[in-house]
Amino acid sequence: MLTTEDYTHFPVQMWERVLSKVKKAVVFMDDKCAEALHWCGGAAVLLEAGARNLKQFSSFEACAVNEPKAVFVVSTLLKGTTVEIIKDIISLSHFQYCVVITTVAHSVHLLANNVTTEMEGSPVFEQFEEKLCEWMGNMNYTAEVMHVPVVFAPVSQQLLLTPMFAHLFPLLPPDLEAINAKRPEKKRFGSLVDVDMNSLPVELQFEIKSLASVLNSVFEATGTREESFAVGPMSRIIAGELANHPQAKNRRKVAPNKASIIFVDRTMDITGAVGHHGDNLVEKILSVLKPLPGHVTDVQVDMLELTSLQRTPLSQTTLAPGCLAQTQSPAVQTLWEAMLTNKHKEGVMEVRRQLVETASKEKLPIKMSMGRVTPEQLCSYMQLFKSSWGALESHCGVLQLGLATAQTLRHPSLPRWDACLAFERLLLQALGDSNFPAVLRQLLPLMKPRGSEDSTTSGSRSREDENGPDEMILLLVYLYSLADEAQLADQDTEEEEEEVEKLERELIGALTLVLTRENELSPLIQKLTGCAKPEELTTDRAHSAVEKMFDTLRGLSHTRDHLKQLRSVYTASDGVHQATYRPFLRQILEEVFHPDRPECPDIEYMSGGLTDLLKTGFSMFMKVSRPHPSDNTLLFLFLVGGITPSELRLIKEIITTHKPGTQVLVLSTRLLRPTDIPELLFTTQRLLPYMSV
């Protein structure tokens, strides 16, 4: 019987196919493939396999006369800009041997070239090989084009991410409007649940087909027959595409291993993704440290404390940053797993324990101290390694995770996390006691520019400590995602609607003022407004961005309207217990592992096809048993749109409590920090990249 380890080893197996081609070659790789490689050993594995150099996939790169071989690794279709960049690099170089590896299957390339029938061989790749020879200047030179799904990043033993699909997010009401705008009035969809694959923009169809092909590759390589289930409109489309994949049908007939896979839309629970209730160390590290350039998940760890360099404005560009992806030793991986899936306090304690143990092994003069773990204490342990280059090199992985922890604990913006958590708890209580306008009104006093005289924070605190526009937007998303939970929410009166509209106008005005008063724009605000500098952000541009944001906010509380059972993530106060947020994932897993195995109408079985439709008909007059997600001891959870570290911990706890023998592997498009959600929700015209094709 296969275990989750067999599946987490799949990404490494795929990279081995790439490594077999890189000997004596210069490798050009785009950011998404580079991020996947980053979690599979990084550039070192390429160089160890014989690669001469690794360069960015860019038209501004080229090779010398003495570098005749190139390998291109890309995450895109071999069309448009990708082709232009390959041509540019070849034209500026002197290659005699080119290998192009794409993560996109040949079947998707056929569709992109308007070929709907199945064809023998790989004609699109063969034609591209001829083009490569033309660009190299000699048809006798060697060119190879192939598909290798180097898509997954094995972030932990429990989690596989797909950097290639990091921007893929479930559809929202504004997207439905964009889709309907291109359809005749009589054929417009009433809700997102009605949207099917063929009605999506062509490029988005390619994206989903590519994802289905990648998942099929995993199951093909491991001989797995999957039973697919879905919760949410986008998940239904993806699961349906996997079920109808041409190769999948043949595979399922002969595959010896069985597994269940449940696709879940992130939009089923926005509250959990923007909230600060996650008691997890990695969640805080991802939130406060700067992202690693070109990466969606990993962060920059300042390594200056392990050197003798002085901290100057130039020191950051002198010294390469550390990171969280440590694949060198089992001990480091164990520490990373503890940080990722344990509570915050347990994670910090494990970091200290590992540092003490490592220093003791190296016979460094460590002074033990008990009690609360402080960043100063962790740094004092790590600075001992400066005196021993061998120890520093041997334990660099543990030290990078230790520095990430210390830098997070002492980060000036960390107090904002607790401030947001406190206000979220107040909002939860208020929702059960008041109508929505009354709760919304409680946000108005927060919408003040930082450093202003009427700011709600005390004068002794710095601007960096004060809640800024990022936190205000997160609280708005949190509140609107729970709007339907407000008292009497199902009995809206005209008067109440008018009051909400008036309050929204006030909030839009207040938040516009906040944005225009910022001395420096955060990455989130830059993405939402399209402005890189404060002087570019005019009042009109800020107001327009905030108005569009509210258009999306209003639909957030309706994302579960189509569900029959799992319609709420809120438990109201009963006079004894306070109101609480109830994670959607918890509810799904409790349904799946319930000892009575009830059939949940919201977890839709997608692998049945015609057979399942017949069973549905027969079930009207006889008992028909359908596959259940708990039928198999191996369960995949695919979160479309991202998962948080605290949700990983939740999954681990539920499995341990409810069904210890079950193995669960989580797949997702990205590991979320709270500010990722507003970016995914509000980025102007989210369907624009797809609509442009």
Side-chain angles (χ1 to χ4, degrees), residues 26-31 33-35 37-39 41-48 51-58 60-64 282 284-329 332 335-336 351 355 358-359 362 364 375-414 462 464 519-523 526 532-533 673:
V26 175
V27 181
F28 296 88
M29 191 177 295
D30 68 19
D31 285 349
C33 290
E35 183 166 5
L37 176 64
H38 178 70
W39 291 93
V45 297
L46 284 176
L47 300 174
E48 287 165 11
R52 295 180 65 172
N53 201 352
L54 174 62
K55 295 190 176 188
Q56 188 174 16
F57 183 66
S58 163
F60 299 101
E61 294 286 0
C63 288
V282 171
K284 293 173 184 175
I285 291 173
L286 295 178
S287 296
V288 302
L289 298 188
K290 290 180 180 177
L292 205 58
H295 289 244
V296 175
T297 298
D298 213 342
V299 296
Q300 300 180 58
V301 180
D302 188 349
M303 303 296 287
L304 198 69
E305 290 176 70
L306 298 181
T307 72
S308 301
L309 290 172
Q310 296 296 312
R311 190 172 293 279
T312 67
L314 295 174
S315 60
Q316 282 191 318
T317 55
T318 306
L319 191 66
C323 61
L324 301 176
Q326 304 300 329
T327 57
Q328 313 95 317
S329 73
V332 185
L335 173 58
W336 168 244
V351 170
L355 286 172
T358 305
E362 293 293 335
L364 297 173
E376 294 74 26
Q377 183 190 92
L378 295 178
C379 287
S380 70
Y381 294 159
M382 288 181 282
Q383 283 169 0
L384 296 171
F385 289 82
K386 285 167 66 174
S387 61
S388 171
W389 175 250
L392 189 65
E393 189 176 16
S394 300
H395 305 290
C396 196
V398 171
L399 294 173
Q400 286 177 72
L401 295 180
L403 282 170
T405 302
Q407 287 162 24
T408 298
L409 294 178
R410 69 180 180 215
H411 200 279
S413 69
L414 194 61
S462 69
E464 207 161 15
N519 295 334
E520 190 177 336
L521 302 183
S522 70
Q526 288 179 35
K533 298 176 182 176
R673 37 179 78 76

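Starting from 1, each residue takes its place in the sequence as its number. Please read these numbers as outputs of a predicted model, since none were measured by experiment.
- Going from atom CG of Leu399 over to atom OH of Tyr381 covers 14.0 Å, rounded to the nearest 0.5 Å.
- Lys290 NZ: 12 or fewer foreign heavy atoms inside a 6.0 Å radius.
- Taking both residues in full, the closest heavy atoms of Ala320 and Met303 are given as O-CG, 3.8 Å, listed atom of the first, atom of the second, then distance.
- In this structure, NZ in Lys533 is found 12.0 Å from CD in Glu520, a value given to the nearest 0.5 Å.
- A heavy-atom distance below 4.5 Å is not found between the side chains of Asp302 and Leu403.
- A side-chain donor-acceptor contact under 3.5 Å links Lys55 to the backbone of Ala62.
- Scored by the side-chain hydrogen bond (donor to acceptor under 3.5 Å, both in side chains) test, Gln400 finds Gln326 as partners (sequence neighbours excluded).
- Nearest approach of Val27 to Ala51, heavy atoms of both residues: CG2-CB, 4.0 Å.
- Taking both residues in full, the closest heavy atoms of Gly294 and Glu35 are given as O-OE1, 4.2 Å, listed atom of the first, atom of the second, then distance.
- Between Arg673 and Val299 there is a side-chain heavy-atom pair separated by less than 4.5 Å.
- Residues His295 and Asp31 fail the side-chain proximity criterion, which asks for heavy atoms closer than 4.5 Å.
- Using a distance-only test at 3.5 Å, with no hydrogens or angles considered, no donor-acceptor pair links the side chain of Lys386 to the main chain of Leu306.
- Contact check for Gln407 versus Glu305: side-chain heavy atoms found under the 4.5 Å cut-off.
- By the 4.5 Å heavy-atom criterion applied to side chains, Pro293 and Gln300 are counted as neighbours.
- The two residues Phe385 and His395 make their nearest non-hydrogen contact at CE2-CD2, 4.2 Å.
- Side-chain contact between Leu47 and Leu54 is absent, with no heavy atoms from C-beta onward closer than 4.5 Å.
- Between Leu409 and Leu378, the closest side-chain pair of non-hydrogen atoms falls below 4.5 Å.
- Residues Leu324 and Leu401 form a side-chain contact, since some pair of their non-hydrogen atoms from C-beta on lies under 4.5 Å apart.
- One distance of note links CZ of Arg311 with CG of Leu319; it measures 9.5 Å at 0.5 Å rounding.
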Step-by-step side-chain contact (heavy atoms from CB on, under 4.5 Å) determination, Val26 to Glu61: CA-CA 11 Å; Val26 175; Glu61 294 286 0; over 6 Å; no

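- Ring pair Trp39/Trp336 is tilted by interplanar angle, where 30° to 60° counts as tilted.
- When all heavy atoms are compared, the tightest approach of Ser387 to Leu364 is OG-CD2, 4.2 Å.
- The OG1 atom of Thr358 lies 8.5 Å from the CG atom of Leu335; values are rounded to the nearest 0.5 Å.
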Trace of the side-chain contact (heavy atoms from CB on, under 4.5 Å) decision for Cys323 with His38: CA-CA 10 Å; Cys323 61; His38 178 70; 3.6 Å; yes

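- What you find for Val288 and Ser413 is that their closest heavy atoms are CG1-OG, 3.7 Å.
- In this structure, CG on Leu355 lies 9.5 Å from SG on Cys379, to the nearest 0.5 angstrom.
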